[in-house]
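Structure record follows, encoded as structure tokens.
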Amino acid sequence: MIYTQERRWIPWTELVILFLLLAAASYLGSVRFTEWTPNPLFFVVLYFALRYGTRLGLPAAAGAALLYGWDYYRGGGDGYTLLHEWTDYQPLAVYAGLALFVGHYSSTQRYRYRSLAEEHEDLQSRLALVEKSYSDLSMVKDALEKRIVGAQESLFTLYKMAKALDSDDPEIIFTDAVRLFRELIHAESIVIYRMDASGRVLRLKVSFGSKTEGYPGSVFLEQPSLYRRVCDSRLIQLRDAGDPPRDPLMAGPIIGEEGELIGIIGLDGLDFKTMNKATADLFKLILGWMGESCVKAFREAAKLRGERYFMDTLIMKPEPFYKRLSEETLRATDFSQKFTLFQLPIEFEGLDTDSALQEMDALLRQTLRADDVVGYDAFRGELLFLLPATAPELRERIESRIRGRFGEGDSP
């Protein structure tokens with residue numbers, strides 16, 4: 001195992017104290033660094049180069065050279081004679097060589113050790129996740145054997161859908177979560193809301209079922225509702241008499257690893273026979289699984305931000321934008337969820353594209369919601385707008401508002 005020391009002042013203190021002791025031994029005692037063979041300063045430089053690399057090896061070499069020169073001067077020599085004869089300045093070259101070559105070797109090994117340690121830590125995290133997934137699947141298997149969900153093929157369905165939840169794309173996770181609740185808990189109506197950055201508003205992400213028209217696009221948490229109780233308690237809640245009638249029958253939170261609220265999932269139209277503790281336990285299990293998958297997907301999305309967006313903006317490049325559009329098209333086909341898509345022609349003649357997009361992004365973020373998607377296709381010369389969970393009938397009003405934000409009536 002390679003020696004590591006996180007407190008940087010300790011190695012420097014060790015270096016200073018050791019050289020002070022050597023200087024005192026030379027001054028007060030009979031230690032002569034120019035006469036001893038082997039030279040003890042060689043071992044001092046070698047020690048610091050091996051233990052700390054070039055970071056302390058080079059200062060140790062410099063200190064050894066100073067001690068050697070001081071001892072040489074006390075013995076009657078001077079700077080000219082020291083640098084004139086090879087036999088006299090040979091130790092100085094050895095000090096520098098030890099610090100550079102041995103220090104470089106030590107630093108290289110330390111870097112490899114840190115890389116292997118990080119890889120080992122990553123493998124340990126993955127192993128823990130696999131073990132937890134296995135434990136979750138075993139628990140669900142036992143529950144299914146007791147007919148919690150009442151279907152013999154549910155274990156295979158859960159395994160298939162759980163693999164889909166383990167995606168690096170948050171949008172795919174939300175889409176497949178709807179299928180998971182529909183197939184396993186047999187909910188007739190499902191809604192998923194994302195928490196707004198302000199922490200005070202829920203924005204509609206995905207909805208499915210006969211009640212989709214009754215779900216609002218935004219839920220303000222200042223008002224009493226089932227969603228507010230879920231947000232405050234961070235627990236699964238059932239609708240009671242004091243909640244608005246359009247709220248779902250059951251709702252639960254999606255929690256991140258830091259305890260933050262990622263979103264809320266609501267279920268409605270549940271069979272009375274399935275409304276029991278077992279269903280709530282299964283609901284809680286899937287919510288927890290979704291929270292872990294979302295955290296991992298958000299991290300992956302953050303790493304790929306530079307590949308998906310234009311520099312310093314939230315305006316997507318064409319390929320990721322059309323991939324996002326295909327996901328909304330899939331939701332419209334499978335869940336009958338509406339969305340709005342429109343384009344605005346735009347030209348950047350004589351302007352720097354990145355600077356222009358940054359200015360436009362600043363204006364658009366004051367007009368659009370956080371979940372609305374904007375893209376720019378340079379080949380077609382168009383600014384693309386994708387508004388999830390938005391009725392197409394609202395297109396003209398939204399487009400007019402955006403044009404007004406740019407201060408022009410026909411084109412931005």
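Just so you know, residue 1 is the first one in the sequence shown, and it goes up from there.
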Between [X] and [Y], do the side chains contain an N or O donor and an N or O acceptor separated by less than 3.5 Å?
X    : Y    : answer
S198 : D196 : yes
R369 : S218 : no
S233 : Q237 : yes

(Q) Under the criterion side chain to side chain contact (heavy atoms under 4.5 Å, CB included), I'd like the reasoning laid out for R182 against E188: C-alpha separation, chi angles, the key distance, then a yes or no. (A) CA-CA 7 Å; R182 184 177 60 183; E188 295 181 1; over 6 Å; no
Q | Y227 and Y193 aromatic ring geometry - parallel, tilted or perpendicular at 30°/60° bounds | A | perpendicular
Q) Ring centroid separation for Y376 and F321, is it under 6.0 angstrom? A) no
Q) Does NZ or CZ of R246 fall inside the cone over Y215's six-membered ring, less than 6.0 Å from its centre and within 45° of the axis? A) no
Q) Is it true that the NZ or CZ of R305 lies under 6.0 Å from the centre of Y309's six-membered ring and within 45 degrees of the ring axis? A) yes
Q) Do C294 and P170 come close enough that some side-chain heavy atom pair is under 4.5 Å? A) no
(Q) Do F174 and M290 have side chains that approach each other closer than 4.5 Å (heavy atoms only, starting at C-beta)? (A) yes
Q. How many angstroms lie between OG1 in T340 and CZ in R395, if you round to the nearest 0.5 Å?
A. 8.5 Å
**Q.** Intermediate values then yes/no, salt bridge (charged side-chain N to carboxylate O under 4.0 Å, His left out), E171 and R331
**A.** CA-CA 10 Å; E171 299 301 328; R331 292 173 181 174; 2.8 Å; yes
Q) Is any NZ, NE, NH1 or NH2 atom of the basic residue among E327 and R324 found under 4.0 Å from an Asp or Glu carboxylate oxygen of the other? A) no
